[in-house]
Amino acid sequence: MSSGEALRDSAEIVEVNVEGRSSLNSTDKDWQEEQLRVEIVADQIEKRIRGLEQEVSVVREDVVGMRRDFWDEVTVNFSEADDVGETSTSLRQQSQVLNDRERSHRHASVALGKMKRLQQSPYFGRIDFAEDGGEKESIYLGIASLLAEGDEEFLVYDWRAPISNLYYDGVPGPASYMTPSGMIEGTMSLKRQFVIHGRIIKLMFDTGVTIGDEMLQQVLSRSSDAQMKSIVATIQKEQNRIIRNDHSRMLIVQGAAGSGKTSAALQRVAYLLYKHREHLNADQMILFSPNPMFNSYVSTVLPELGEENMQQTTFQEYLEHRLGREFQLEDPFVQIEYVLTGTEDEDYAHRISGIRYKSSPLYLEAVNRYKRWLEKKGMKFRPIRFQGKTVVDAEEISRQFYSYDSAITLANRCELLKDWLLKEISAFGKSELDAPWVEEQIQLLDAEDYQRAYQRMRRKQRGAGASFNDYEDEKEILGRMVVSDRLKPLRRWVKALRFVDITKLYTQLFSDVNMAAELGFEALPEDWSAIGRQTVEKIRAGEMFYEDATPFLYLKELVLGFRSNTDIRHVIIDEAQDYSPFQLFFLKRLFPRARMTALGDLNQAIYAHASVLQQSATLTDLYGTEESELIVLKQSYRSTRQIVEFTKGMIAGGEDIIPFNREGEKPLVRVFADRETLHSEIKRDLSALRTAGYETIAVICKTAEQSEQVYGMLTNDLPVKLIKKTTMSFEKGIHIIPAYLAKGVEFDAVLIYDGSNDNYTREAERKLFYTACTRAMHLLHIYTIGEPSRFVNESEPHTYTRS
């Protein structure tokens, strides 16, 4: 018996047809009672909204008025000491009143936003629970709490409240849940799910499990919204483990494509913000996403769950922020474009070898060994120069650096060196007072400069009658002012530790042929010298490979000191399989006080470097096994059963993926003899899909270059959008997109452009092809010029149709 059949045997279902009348499989009475309650709750919500709208409007007017009239309400008098105190008190009082009103406005606005979301769907679940020795209580769950008038009872409980665990983890019968005061035990007699739109119950579903096929068929309906749908009503038990995990320092979620990893993680954020609301806010959480478009894709999920959005960025944006002024940084999309298209380059094999090694734990250890070596010798410095003169040469700086106690860290020695250099610059400045250029600059001073010098002399002489009566005094003061002003940029340069030549330190790893042997680097690639040549040439041109950016920044911080962010308390890393072990280690150092949630799918690890998900030990080693937990999600909800059965045959371990029992068409593989015929058929099929009501359609290409070609072919006939790495928003329509930019996004229909064996044949392209195919929710077509990719042929023939 299928899961769907078992569910139907154990469930009572009430559905509402288009006219709003019920097609009843349970009793009319149950449905009528629940519908009546929905209308009562909806009335309460509307009344609450009207009251909050009025409150927000009134308080807003108060705040605007108080800001405008702030100084009119303050008594200002500085003539006497008592008056100064009175003025200070008046300022504090008026400022406090303004702060209180602004706080009231914020609270009312947040409450209004939650009520408006409740208005769209008041609640999604109900449990009937009787505590041991108590009476049965019906508990309704929604995205926010709602108290009845008079605050006597909860009409709706927040889905994150402790009692909500009964809904997600419990089954009818003996049940219990944990509260801050201890375990509550009792009996659950009913577990009911709803789909409610406004005032109308669209679906009512009684069952012993939280997720049923029928419910998901409603939530994952044929048409995908432009923003990710909130799936609070369909949380798996293991997803609930992700959401409510409050003890692991590192939570690793390995999930199949479409298993709800990101949804669960965002709901985890909402849960943590709710549970720890007294000392945790959205600004203390950060999401690292795969690309800017993904940020847009998930931008409304947290507000839907009743919380403010947390900080969102990409790892590349962080690298640009730290290194973008020094180098033209390659991004991961340029890197993968080269990996996919640069096979004819004579240095291609060396580049791939370099990417793999520089991303590995071995290279991390190599950089750490290098740092320990630098503690004894080998530091590189820039000389201190001023107007063509050498103030302190690099050799002298190096001697001073290594004169400090070797037990002092590199970063602290650099600080000591900075102070020494500033003294050397001061001494140099004094020696320059009589230089001809100083006299020339004095002659060019204007009246304002003279006034500034005069004020300095007054402060020096501490007398009101100071004047430039003494020519020598005047010359000395003006000379010191000129020299000091001209040396300011050099002092700033030294204070920023720019005298440490990090670029030479990094390239020294590659340019010194004996360095690797001397430091005992392990498992070096055989072509290390070629890798070094590539690296040095790139950096000398003012550019940097993506695989070098994190190691370079790590070395820089080992030498100059780490820039840690202690404000962030939780880091969520989506598409974690795209990160190297080196990058994850760096993020741990960057956010030392944070917990981390890493979400990913090893089968979508499309980059050339080793993935942190290659071995779970790589991630658990970051915080230790005792503080780490791995949760595996095998159920796939995004795609139809037919699409999942087809795609899971492409990858190792695919037999463990469990398709959700939602029926659809088998994937269609269409073989063409030439590109012109393929193009004409794609145009025809895209028009047909639009007419059929598919709202998000993707033509997925292998590379950005191929995407631009297809866009040029389609743009005159169809309203298509070309998705680039800089695209900031996700909208409905027809998208032309490279496979590597489609990660994490889903489409109603996916058309794979040129899924031939000529286009997708290397083993390194297997996961890219799998990723592209798993973006499809309802329909998947693969168009090939000639024989289909071997990855298609490796799937069971009965899982797809060929024409």
Exercise for review: Check the surroundings of atom CZ in Arg325: do more than 12 heavy atoms from other residues, nucleotides or ligands lie under 6.0 Å from it?
Suggested key: no
Practice item. Begin from the C-alpha positions of Gln335 and Glu547 and carry the test side-chain hydrogen bond (donor to acceptor under 3.5 Å, both in side chains) through to its verdict. Key: CA-CA 9 Å; Gln335 185 198 73; Glu547 62 269 21; 2.9 Å; yes
Any donor and acceptor pair, going by atom type alone, linking the side chain of [X] with main-chain N or O of [Y] inside 3.5 Å?
X: Arg766; Y: Met650; answer: yes
X: Lys588; Y: Leu622; answer: yes
X: Ser639; Y: Ala776; answer: yes
X: Gln534; Y: Asp347; answer: yes
X: Lys743; Y: Gln604; answer: yes

If I take atom [atom1] from residue [X] and atom [atom2] from residue [Y], how far apart are they, to the nearest 0.5 angstrom?
X: Ile572; Y: Lys261; atom1: CD1; atom2: NZ; answer: 15.5 Å
X: Ile657; Y: Glu645; atom1: CD1; atom2: CD; answer: 10.0 Å
X: Arg533; Y: Lys538; atom1: CZ; atom2: NZ; answer: 13.0 Å
X: Thr341; Y: Glu705; atom1: OG1; atom2: CD; answer: 6.5 Å

Study note, to complete from the structure: Partner of Tyr753 under side chain to side chain donor-acceptor pair (under 3.5 Å), picked from His679, Lys702, His781, Gln706, is His679
**Study point:** Under the side chain to side chain donor-acceptor pair (under 3.5 Å) test, residues paired with Lys725 that sit two or more places apart
**Key:** Asp331
Check your understanding: Is there side-chain contact between Ile631 and Ile252, with at least one heavy-atom pair below 4.5 Å?
Key -> no
Is the closest side-chain donor-acceptor distance between [X] and [Y] under 3.5 Å?
X: Asp754; Y: Tyr760; answer: no
X: Asp574; Y: Thr262; answer: yes
X: Tyr694; Y: Arg690; answer: no

**Study point:** Residues that Ala764 engages under side chain to side chain contact (heavy atoms under 4.5 Å, CB included), provided they are two or more places apart
**Key:** none
Practice item. With sequence neighbours excluded, tell me which residues meet side chain to side chain contact (heavy atoms under 4.5 Å, CB included) with Phe672. Key: Arg670, Thr677, Leu678, Glu681, Tyr783
Practice item. Could you please spell out the steps behind the side-chain contact (heavy atoms from CB on, under 4.5 Å) verdict for Ile531 and Lys358? Key: CA-CA 10 Å; Ile531 293 170; Lys358 292 174 185 175; 3.9 Å; yes
Practice item. Evaluate the criterion side-chain contact (heavy atoms from CB on, under 4.5 Å) for residue pair Leu722 and Glu708; output intermediate values, then yes/no. Key: CA-CA 7 Å; Leu722 177 62; Glu708 290 179 0; 3.9 Å; yes
Check your understanding: Between Phe582 and Tyr554, what is the ring plane arrangement, given parallel below 30°, perpendicular above 60°, and tilted in between?
Key -> perpendicular
Review point. Parallel, tilted or perpendicular for Trp528 and Phe521, by the 30°/60° rule?
Key: perpendicular
